[in-house]
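Please read all numbers here as calculations on a predicted model, not as lab measurements. Atoms within a ligand are numbered from 1 in the order they appear, just like the ligands themselves.
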Amino acid sequence: MVAIGPTANMRYLAGFASHPDERVCLLLVSSQAASVVVPGLNAEEWAAHTSLPLHTWADDEGRDGALQEALSERLPVNRLAVDGATRADFLLALMATADPQETIALSSLNIPLRLHKSPEEVEAMQRAAAQADRAMQAGIDACQPGVTEAQIAWAIEEAFRLDGDEEVCFTLVASGPNGAFPHHHSGDRPLEEGDAVVIDIGASLKGYKSDITRVVFLGQPPPEFLAGYQAVLGANERARAAVRPGMTAGQVDSAARTTLEAAGYGEYFVHRTGHGLGLETHEPPWIVAGGQQILEEGMAFSIEPGVYIPGQFGVRIEDIVVVTETGVRNLTGCGHQRVVKS
Ligand code: ZN
Ligand code: ZN
């Protein structure tokens with residue numbers, strides 16, 4: 001039996017996922033049947049989206065009766081495969097009722113769930129990417145000395161919201177030395193003349209995620225920054241050019257990595273070249289050194305090489321691409337030229 005909480009997998013498989021909170025909500029799939037354990041307050045919404053049998057439970061009666069009802073035809077459960085993003089307390093409640101002999105991670109079954117995007121999904125991602133382009137422009141426009149990282153992040157968030165996104169997933173604004181932290185949390189540091197500002201943002205449009213990174217320079221860029229930017233841009237271009245059906249994820253990573261190594265930045269490229277994207281911001285395929293995943297039409301992922309010079313600056317240039325029948329399509333429309341504001 002497979003158990004899936006209100007996650008991207010539930011949305012993909014059931015066509016709907018209710019608001020995730022502490023109330024147990026589980027899609028249960030076995031070879032005989034599929035049904036959903038649903039908090040009563042969400043039952044109407046579920047019924048509007050799916051014809052799957054529902055086992056509902058009310059706040060004042062608790063979840064155990066619904067869980068027992070759902071499991072009654074499936075006991076004994078020999079093997080239970082659990083979606084990794086399902087809450088631990090849901091899993092504990094399920095295990096207490098089902099008492100499986102073996103529990104494994106759904107990901108270990110190697111089911112290529114969500115790995116190949118349909119043409120409709122690619123178009124949904126294209127719309128999300130176009131919104132990210134516009135939000136990035138709002139962020140670039142907001143960059144000037146004296147404005148804080150948090151204020152720029154807010155301008156981006158507002159742009160996403162006004163554009164119709166249901167959720168802003170992250171607005172990472174890392175200025176000056178903060179740019180050397182790949183996952184910096186935007187803070188109250190005011191931008192200064194001479195800062196490189198790394199802006200990495202993403203939102204959700206009808207479930208599909210966006211993700212883009214660009215760099216803005218305030219003032220006249222010094223040679224060290226120009227060299228770093230050129231190297232990262234070259235790595236981004238070479239990695240994108242390497243994407244086509246039949247290549248491995250590792251070969252795409254290598255195209256970026258060898259470019260940065262040749263330019264002398266190998267030790268400053270401290271992460272993988274990219275990650276898959278779709279209903280989640282991070283999902284397979286992983287564009288990682290040595291990655292054996294063979295790229296096929298419909299796979300969507302980021303290309304985001306970067307260099308991080310401690311105490312000085314960071315540069316990352318990130319696009320979202322999709323493997324096509326013969327090559328690659330870049331969903332990100334924002335240009336790659338250096339943005340210098342002086
Ligand atoms: Zn990314
Ligand atoms: Zn990103």
Peer 1: Please state the angle at the Zn ion (ligand 1) spanned by OE2 of E318 and OD2 of D211: what is it, rounded to 10 degrees?
Peer 2: 80°
Peer 1: What's the atom name of the N, O or S in D200 nearest to the Zn ion (ligand 2)?
Peer 2: OD1
Peer 1: Assign the ring pair H271 / F269 to parallel, tilted or perpendicular, where the plane angle (0 to 90°) is split at 30° and 60°.
Peer 2: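 The rings of H271 and F269 stand perpendicular, inter-plane angle above 60°.
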Peer 1: For a distance under 2.8 Å, tell me if H282 has an N/O/S atom near the Zn ion (ligand 1).
Peer 2: no
Peer 1: For N/O/S atoms only: which one belongs to E304 and is nearest the Zn ion (ligand 1)?
Peer 2: OE2
Peer 1: Run the salt-bridge test on R114 and E283 with the 4.0 Å N-O cut-off and return the result as yes or no.
Peer 2: yes
Peer 1: Any chance you could lay out the side-chain contact (heavy atoms from CB on, under 4.5 Å) test for T213 and I317, step after step, and finish with the verdict?
Peer 2: CA-CA 5 Å; T213 308; I317 303 175; over 6 Å; no
Peer 1: May I ask you to check whether F181 and Y308 place their ring centres under 6.0 Å from each other?
Peer 2: no
Peer 1: Please give the atom name: the N, O or S atom of H275 nearest to the Zn ion (ligand 1).
Peer 2: NE2
Peer 1: Any ion pair linking E123 and R329 (charged N to carboxylate O, less than 4.0 Å)?
Peer 2: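 Looking at E123 together with R329, the answer is yes, because their closest N to O distance falls below 4.0 Å.
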